[in-house]
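Comments concern the structure below.
All values below come from the heavy atoms of this structure, side chains included, with hydrogens, waters and symmetry mates left out. Throughout, numbering of the chain's residues begins at 1 and tracks the sequence.
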Amino acid sequence: MKPIQAANGFSFRVGFSGYSGHLRVEPLYTEERDNPIKSLPDFVLPPAFPTETPESIEEHIKEKYLLPRLDEDAFSPEKAGKQWDFDWFARAKIPLEPSMPRAIMVPVWELPFRRCKEGSTEGKWEPNSTQVDVSDIIVGGETRGSFPRASNGAANDIVRGSINNRPFRPGGLEDQSLERIFPYGASNGEWVREVLNGGPAQTIPPGFKQGLKLGDLMSHPCSWNVYKDQSAPDGTSVGNLSELSVQFDDLFKKAWEEDVVELDKDESDSVKSEAEANQVDVLNTLDTGSSALDEILSVEAEKVDNGRDKGGQQQKEAWAVSGGSEWIADQFYELVPDMAIEFPFELDTFQKEAIYYLEKGESVFVAAHTSAGKTVVAEYAFALASKHCTRAVYTAPIKTISNQKYRDFCGKFDVGLLTGDVSLRPEASCLIMTTEILRSMLYRGADIIRDIEWVIFDEVHYVNDVERGVVWEEVIIMLPRHINIILLSATVPNTIEFADWIGRTKQKKIRVTGTTKRPVPLEHCLFYSGELYKICEREDFIPQGLKAAKDAYKKKNSSATSGGTGSYSGSSTVQDGARGQKREPFNRGKQNKHSGPQTFGNYTGTGWGNQSNGGGQNSWGSRRTTWLMLIDKLSKKSLLPVVIFGFSKNQCDKSADSISGTDLTSSSEKSEIRVFCDKAFSRLKGSDRNLPQVVRVQNLLYRGIGVHHAGLLPIVKEVVEMLFCRGVIKVLFSTETFAMGVNAPARTVVFDTLRKFDGKEFRPVLPGEYTQMAGRAGRRGLDKIGTVIVMCRDEIPEESDLKHVITGTPTKLESQFRLTYIMILHLLRVEELKVEDMLKRSFAEFHAQKKLPEQQQLLLRKLAQPKKTIECIKGEPAIEEYYEMHTEAEEHSEQIIKAVMQSSVAKQYLTPGRVVVVKSQSAQDHLLGVVLKSPPANNKPYIVLLLKPDVPSMTQSPSDRSNLQDKKGADFHQGYVLLPKSKRGLEEDYRISAGPRKGSGIINITLPHRGAAAGVTFEVREAENTEFLCICNSKIKLDLPGLLEFVSNPAFSHTVQQLLKLKSNGNKYPPALDPLKDLKLKDMDLIKAYDKWTHLLQKMSENKCHECIKLEEHIKLAKEIKKHKEEVNALQFELSNEALQQMPEFQGRIDILKEIGYIDEDLVVQIKGRVACEMNSGEELICTECLFENQLDDLEPEEAVALMSAFVFQQKNTSEPSLTSKLSQAKQRLYDTAIRLGNLQAEFKLPITPEEYAQENLKFGLVEVVYEWAKGTPFADICELTDVPEGLIVRTIVRLDETCREFKTAAAIMGNSSLYKKMESGSNAIKRDIVFAASLYITGV
């Protein structure tokens, strides 16, 4: 535009600015203006907006983004109490981002001489492109679960997961797609080499027709040396390293793995100093200041492997790191100056070590005794999760532990609880759950897994549990790699082994720490006849105490015997000593194992807790007296409170009732107990408060006596536990679960017996079980020493038995991994996860998998060995076929020779003239011959004439042939030497009867005798009966005097011709004797082996290798070749999935799933398989078949849930329920389904008995009880219908509610709306009253 003159002479012009057409005013400065500043106007209007400063910009950003405010209109004070009837989060409008593409185009590199430049611009080669999946080229993308992953599911799916989600990729799983992260053209290094060597840069992106024009790019030629990276051998100093390494940054690190240039010897001279020896010589022609390669090449020093011990060997435990952390405790507060949580007490050494490693983000395994303070490590992990804004998960094997830990942690952290029937605050940062819930979350790909930083496994020694131990292994294997693991366990002997398995499985170091020191030392005593005898203190056994107890036992029994009132006659000192001598050798050989029936020294006696209930009142009367004496003794010695462990629910109840007259509480304690019980039981309705069990336990509690076992109602058990922790219960009769599930130490622990029933048989208590229960003795901070007492009633145990139990080695952690159908189906849903990977990573396969790297190296060496070949002189080699037959014949050889050839029947046929086949002495073949003489004694050899193989003249030199003829002539001449009469008596055993030719019967032939007749070489020699391979059914006439006495050449010629006639009919050998008619064999297996044996001999004789002069040499070569091949095949088998222990069972289960339609032929999970994935509480096959056969359709909701109780009830022996006809038919129908599935599995060779399978997975003992409960019958009335304890009834109904939810989800998958409503109605019918009373740990009292 033209210039415009301003009012006071200031010139400016107006123009357009930018792409949007804004007006712009620009001042004009002309040359004639001397001072443009003077021409500025006198007044300039202030700007429309104040000038922006850094402070104002910061304030604006803070106001807009860091201080968000609610909508004043929607959230005004007037509307504060309004209840919105729609979901704000569902209505929230989130700006949609473009979805990530599933595939992209990548270039394909080609060799220069194969490139096609026709049609390209300027004659330059442009690469072709190919389409690849994005998930294949994103590093780490495979660990993000399903990709792309939808996150708009229900809120419950975020926590519990969904069957539609794909599980996260387990950590440590070898990434099969790493090789495909970069396309082949980029990963093989050729792109880099071509560009850096001055090749043309590619300007057209993949998938585009044309690209940017960057002009002529200058090429920069350069060169460098790349040396192979190898570990220095042991004992080699750094100065002597002859091989150096180079590392590129992440983009080119993989690209150059194959482009290795060997280091020349001449180049090693250029290494002038030790510092220069650790660098790579990079030769670049560019100036150092403008080198672009310096940013690409990262030169690092050669690192010598420092992970070797003094002997130069690598540590055995590569993944489990133990020891060497003593310095952490001394410098702990310097290493961890800002702790996530402060503890009000001084930490132990192992706690400091564990916390230090947690701060470093490492996984730890803490092994320590009960009450040693392992929970401190879990608390610190919770505090770290809160500090890092992540999540921590605490898993426990028992629901009681979960509830108790929820109460303990509630005041300290943001805690949530997830169990089968309870879900409290799942959005919390610290979640407590059972291990089964975590397994379900992992299989169902719950999104909450993304946020988890720590998973704490408490009571890891529970992995030895036969039924549920597999859950621990599954969870550990399935955890993603971003989750760190904390394992808390009692002391076990193979801690390092278990930690090494976890580390190798997850490919991360596991720090092992812990302590064998007890916070409160223990003393072990025997209680006999009202007195305590100390036998062990601080792990040191005291024989004097045991001797004193035995002396008291002998004294009491001797006085009882002399008085005539004792029942133990013959218990004198001598007899007792004899009894001890008999037990001692038996107990020396004991092993700490579950398997096999074991007796345990004196444990078979009643004094060691014979599990019979006693015969009558006298037995329990004596027990009552014993308990009263014990409690009185403990009370006088201030050793209360006490936990008395028994191994029977019935025994605990009877023991508590037997001392009902004892009162151990003061009036204030009685008041406290009464107030607590009133508050706790007030949540029950009237009829439930008056249940017999509630009333009986309350009466016991008032007197300071408690009972704790699985048969109690959950609320009653919690009342007992809480009162015991308060210290008002003085005597508690409990089963083993109290030691596992409740953190409530006592002053004293008493063992009523040291024998238990493990579900299969009565056996002694194992040292690990004893240690677990004895660890409850001694309260930290209150007691200086804990007391453990073993009850002795009728006899005193042996010292070896007590030492084994008290100070013996605890049970090792052993794998209980087993395949389940639900595991297989979950893994088949995802292509990236294979069942074989799960099997490989189980603890059972740990040792086999640990050896795989060595086996891989051995296999490579075997394959690299030069192959041996056999050159046959007769044309195409046939030695392999001959060797196969020879090997197979050798397998039958010993059996045939021993059972047939040496039998008395066979000896009857081995007479002169019998044609036989004899094993060659010089080669691995066999020869046709005839028996010339059979000895009268068994230990004497036979004399046989054998036809030897011909020696081809072409294979011998003239000198060899002459030597052979000379040798033959010499042998032939020696055969006709006539012995003098004085020496003929030496062969008296072989005197022959006079034949056609008169002879004296003396053998004059010298053995062995070799000769030739009828153009065939023959040999006469001795042969043992073990050398006969076959007895033929042919017999020839012999001139025995001419053969053996006169050594007549015509006689030999005639015999040889007769043998050759037998070979002229096409077979090399005449037929063998018939095993049935001739040899009189009766064993069918032996007959089959004999026929196979003779057939092989015939085929071997027809092979061209038979009677070859190089047969023995070629047999040795063939043996070596086959051995090498077998070794390679064996190594390949060991490295394959087929070597896995449970692989045959897996194949069988896969075939079963195909047969019943859960998967198709391509292993794709079908709808029946998807339904089976939902069945966690019952046997998945039976539950699924029940649904698809519509067995619940004709039942009412109450009847349906009653029948479903058979899936979750666990007690085997119960009273027979009284069922309606409709329920009886449904029961029989379900049982028939289980039998059918059992038969099917048995057909596919699974170790399953159909009846046991049905009885194990279907227990109908509570069908009537649940039916009445669902109809609204009071709990007190349904308890009268069965002999099952009340606690098990409640547990079954609670689990049944979880089964109803699973069936409801399955009905939604199937599209069965009527079943969905039926399950919903059934669930509502059973959820009432005492069965679903809230836990006191959760709601408080």
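- Side-chain atoms of Asn1129 come within 3.5 Å of backbone N or O of Lys1125 as a donor-acceptor pair.
- Taking Glu474 as the reference, Arg439 meet the salt bridge (Lys or Arg N to Asp or Glu O under 4.0 Å) condition, with sequence neighbours excluded.
- Heavy-atom minimum distance, Arg841 versus Gly172: NH2-O, 4.1 Å.
- For Tyr1158, the ring pair (Phe, Tyr, Trp, His ring centres under 6.0 Å) test picks out no residue, with sequence neighbours left out.
- Here CG of Leu859 is found 5.5 Å from CG of Leu1131. Values are rounded to the nearest 0.5 Å.
- When the salt bridge (Lys or Arg N to Asp or Glu O under 4.0 Å) test is applied to Lys1245, no partner is found at least two apart in sequence or on another chain.
- Of all the heavy atoms in Glu1019 and Pro1008, the pair that sits closest is OE2-CB, 3.8 Å.
- Remark: side-chain polar atoms of Gln507 are paired, donor with acceptor, to backbone N or O of Arg504 under 3.5 angstrom.
- Residues Met478 and Pro167 form a side-chain contact, since some pair of their non-hydrogen atoms from C-beta on lies under 4.5 Å apart.
- Separation of atoms CG (Leu945) and CG (Leu928) is listed at 9.5 Å; rounding is to 0.5 Å.
- Under the 3.5 Å distance criterion, the side-chain polar atoms of Glu1134 are left unmatched by any main-chain donor or acceptor of Ala1139.
- For Lys506 (side chain) and Gly171 (main-chain N/O), a donor-acceptor pair under 3.5 Å exists by modelled atom type.
- Asp1160 places a side-chain N or O within donor-acceptor distance of the main-chain N or O of Asp1162, the cut-off being under 3.5 Å.
- Taken from CZ in Arg818 to CG in Leu839, the straight-line distance is 13.5 Å, to the nearest 0.5 Å.
- In terms of heavy-atom proximity, Leu1073 sits nearest to Cys1032 at CD2-O, 3.8 Å.
- Interatomic distance, Glu1145 CD to Ile1248 CD1, rounded to the nearest 0.5 Å: 7.5 Å.
- For the pair Leu827/Asp837, no side-chain contact is recorded, criterion being any heavy-atom separation below 4.5 Å from C-beta on.
- Taking the six-membered ring for Trp and the full ring otherwise, Phe498 and Phe843 have centroids separated by under 6.0 Å.
- The CD atom of Glu1127 sits 13.0 Å away from atom NZ of Lys1122, with the distance rounded to the nearest 0.5 Å.
- Residues meeting the salt bridge (Lys or Arg N to Asp or Glu O under 4.0 Å) test with Glu845, sequence neighbours left out: none.
- Remark: the backbone N or O of Tyr909 is paired with a side-chain donor or acceptor of Arg914 at under 3.5 angstrom.
- With a 6.0 Å cutoff to the six-membered ring centre and a 45° limit on the axis angle, Lys508 does not count as a cation-pi contact of Trp319.
- In this view, Glu1120 and Lys868 satisfy the salt bridge (Lys or Arg N to Asp or Glu O under 4.0 Å) rule, not counting sequence neighbours.
- Rounding to the nearest 0.5 Å gives a distance of 12.5 Å between NZ of Lys840 and OG1 of Thr505.
- In terms of the side-chain hydrogen bond (donor to acceptor under 3.5 Å, both in side chains) criterion, residue partners of Asn494 (sequence neighbours excluded) are, by chain and number, Glu497.
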